[in-house]
Number of protein chains: 2
Amino acid sequence: MNSALDDRLPRYQRLRDDLAARINRNEWRPGDLIPSEAELGAHYGVAIGTVRKAIDQLVSDGVLERQQGRGTFVRRARFNSSLFRFFRFQSESGERRVPQSRILRRKAMPATTAVASALRIGAGEPVISLSRLRLIDDVPLLAEEIWLQRSRFEALLALETTEFGDLLYPLYEDRCGQVVVSADEILTVEIATEMQSRLLRLEANAPLIVIERLAFDLERRPIEWRRSRGPADRFRYHAEIR
Amino acid sequence: MNSALDDRLPRYQRLRDDLAARINRNEWRPGDLIPSEAELGAHYGVAIGTVRKAIDQLVSDGVLERQQGRGTFVRRARFNSSLFRFFRFQSESGERRVPQSRILRRKAMPATTAVASALRIGAGEPVISLSRLRLIDDVPLLAEEIWLQRSRFEALLALETTEFGDLLYPLYEDRCGQVVVSADEILTVEIATEMQSRLLRLEANAPLIVIERLAFDLERRPIEWRRSRGPADRFRYHAEIR
DNA sequence: AAGTGGTCTAGACCACAGC
DNA sequence: CTGTGGTCTAGACCACTTC
C-alpha cells in the first residue's frame, strides 16, 4: 500500500511518495513552505542530491514549486492550467472568462456501479452528486454532473450551495483539503435530449460535446468524476500532446 | 539562434540543445545508439552528472530512450503515442485499428498566409500540400489537409503517393529525417459542406469534428500543419491533462 | 551576512546486457 | 568479465531573497 516503505524502490522514489502523502494529508497546505532541502536530507538521512531528485519529480508533477533563495512551496490550484481549459468555450466576443456557476442539485447517495467503477470505490459506497450549470452573460454554456467520494468531501454537505462560488477546485482545496493535480478526459459528441436542450436553451436534436473527466489527486487516486455537456457549435478545445 | 553557444545558460541546457540539434540534423537517426554518458562527458568536457541531466531532459521530451546495460538510443516514432490518438475513431466493432490511407492529391505550391503563419515561414515560401482520406473497412473516417515545408520534405515529391503507406510520421522519419515529437491540437465542431459530406459519405449538414494539429520537431519548430475532419458521431478523443 | 535553491563536480557502488 | 545506465553520496561554488 505505502510505497514509501518498499525498500526495493530507490530512495528518491520513496521520499517522493512520502512527501506526496504528507501533502495529501494536509501536513502542508497549498501555499505553505516546506522544509529546506538540507533539513529534509537530515531528517530522512539521505544526501541532499537525493532530496533534490524527489522534489524535482514533485515539481514536474505540478505539486511543488521552487523559488530560488526563498524555498520550496506547495503549489496552489492553477487557474490558468489546462485543467480549466474547457472554460474556453468562447464568449460572444471571443475572449476567455470564468463562467458563473449555478448549483442545481446536491445530493448524498450511494454510488451507482458506473460511478463506483470510475472513482474506484465499492458499489453503493456513499458519494456526493452535484448538478451544475455554467453560464456566461447568463447564457447556459455547460451542464455538468459531478460525483465525489463522500468521505473526502463531507464538508460540502454542510455548506450552502450558493456559497460554492464559480470554481470548484479552489473550494475542494479550501474546504476539503483535496487537491486536483491531473485528469483524464474523454470527448465525444452526442445529440441533445429534450431535457438537455431545454436546460441549455438549444433547439431539439442539437449536437452536444460531452466531456468526461476523471480528476486525480497527487497520489493518482481518482477523487472526482464529472460529465459536462455543452453546445457543439461553441466548442473549442486545446490540447498539447507529447 | 544557437542556444548551445549562449554561455549564460547552464551547461546541461546547452548540452541538451546541442544533442537535440545533432539528432535533428541526422547525425544519429531513430534507433541509433548514441555515445555513452562517459564518452559524451569526455567529449564536451563536463562531468557525467551534467551529461545525465541533459539526457534526462531529452528522455522526458521523448527524444531519447535509455536501456540499462545497453546504452541510450534515439527513439523511433511511437505508434502508440498520443500523437496517434485520433486514430481512435472507433471502428464498427469498437477496437482500435490503424486506418488505411489514400492520398487524394499532392501539390507543391507557395504558402498561403494562413499556412505560412502556422508553419512560421514567410508567405509564398514553397510548401507541399497533401490531401488524404483515411478509412477503416473502406468506410471514410477522416478527410485531411496537410501542409509541409517543402525544403524539409522535398523527398516526398519524388515518391509515388501510392507508396506512402498508412502512416505519415514513419515516412517523414525514413524519407526526410524529420521527427515529430510533440504537437498542439485545437478541436472544434462544424457542419459538413456538400463536398465534405460527399467525401465522407455523410448526409448533408452532418456535424463534423475538426482537429487542427501543428506538429513540432524536437527543437520545437513547426514542421507540419494539418486539418482533419471526421463524422462527429464516431468521434472519441482521449486527453491526459496536467 | 545568512539561508535558500541552482549548477557542477568526482567518485562509489549497484543492476543489467552481452560477449 | 566488461561496459552501460541507475542510484547515491559529499562537497564546492553561484544566484537570489531576506534581514
Side-chain angles (χ1 to χ4, degrees), chain A residues 3-20 22-23 27-76, chain B residues 3-20 22-23 27-76:
Chain A
S3 59
L5 302 174
D6 183 346
D7 67 359
R8 290 166 306 185
L9 290 173
R11 295 191 202 193
Y12 70 87
Q13 268 296 354
R14 286 177 273 157
L15 183 48
R16 181 238 167 253
D17 291 339
D18 192 61
L19 294 174
R22 290 175 74 175
I23 294 163
E27 197 164 324
W28 307 297
R29 297 187 51 106
D32 282 1
L33 175 68
I34 71 166
S36 74
E37 297 175 344
E39 280 175 298
L40 288 171
H43 179 270
Y44 284 97
V46 299
I48 231 176
T50 305
V51 177
R52 286 190 66 77
K53 203 159 175 180
I55 290 179
D56 280 346
Q57 285 203 7
L58 291 168
V59 168
S60 88
D61 291 344
V63 178
L64 294 178
E65 190 172 19
R66 293 190 147 109
Q67 292 188 34
Q68 181 169 146
R70 303 225 300 136
T72 301
F73 299 80
V74 180
R75 236 177 132 178
R76 326 191 111 274
Chain B
S3 60
L5 301 175
D6 183 345
D7 66 0
R8 291 165 305 184
L9 289 173
R11 296 191 201 193
Y12 69 86
Q13 268 297 353
R14 284 178 275 158
L15 183 48
R16 181 239 168 251
D17 291 339
D18 192 61
L19 294 174
R22 290 176 74 176
I23 295 164
E27 197 163 324
W28 305 299
R29 298 188 50 105
D32 282 0
L33 174 68
I34 69 166
S36 74
E37 298 174 344
E39 280 175 299
L40 288 171
H43 179 271
Y44 285 96
V46 299
I48 224 175
T50 305
V51 176
R52 285 190 67 77
K53 204 159 175 179
I55 291 180
D56 280 345
Q57 284 201 8
L58 291 168
V59 168
S60 88
D61 291 345
V63 178
L64 294 178
E65 190 171 20
R66 294 190 145 110
Q67 292 189 36
Q68 181 170 142
R70 303 225 302 137
T72 301
F73 298 81
V74 180
R75 239 177 127 177
R76 325 193 115 274

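Keep in mind that the numbers below use all heavy atoms, side chains included, and drop hydrogens, waters and symmetry copies. Lettering follows sequence order; numbering is per chain, from 1.
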Working to the nearest 0.5 angstrom, can you tell me the gap between A/Arg76 CZ and A/Asp32 CG?
8.5 Å
Just the rounded figure in Å: distance from C1' of D/dC16 to CD of A/Gln68.
5 Å
Within a strict 4.5 Å, meaning less than it, do heavy atoms of the B/Leu64 and B/Val74 side chains meet?
yes
Rounded to whole Å, CZ of A/Arg66 lies from P of D/dA15 at a distance of 18 Å
Any salt bridge between B/Asp56 and B/Arg66, counting N to O under 4.0 Å?
yes
Testing A/Ile55, A/Thr72, A/Asp18, A/Leu15 one by one against A/Leu40 for a side chain to side chain contact (heavy atoms under 4.5 Å, CB included), which residue passes?
A/Ile55
Would you grab the first and last nucleotide of DNA chain C (5' to 3') that comes under 4.0 Å of any non-hydrogen atom in chain B?
C/dT7 to C/dG18
Heavy-atom nearest nucleotide on DNA chain D taken for A/Gly69 and for A/Tyr12; more 5' hit belongs to A/Tyr12
So do A/Arg22 and A/Ile34 actually touch side chain to side chain, heavy atoms under 4.5 Å?
no
For B/Pro30 and B/Arg75, work out which heavy atoms get closest and say how close.
CB-O, 3.7 Å
Working to the nearest 0.5 angstrom, can you tell me the gap between B/Gln57 CD and B/Asp17 CG?
8.0 Å
Within residues 33-55 of chain A, residues whose heavy atoms come under 4.0 Å of DNA chain C:
A/Ser36, A/Glu37, A/Arg52
B/Glu39 side-chain N/O to B/Ser36 backbone N/O, donor-acceptor pair under 3.5 Å
yes
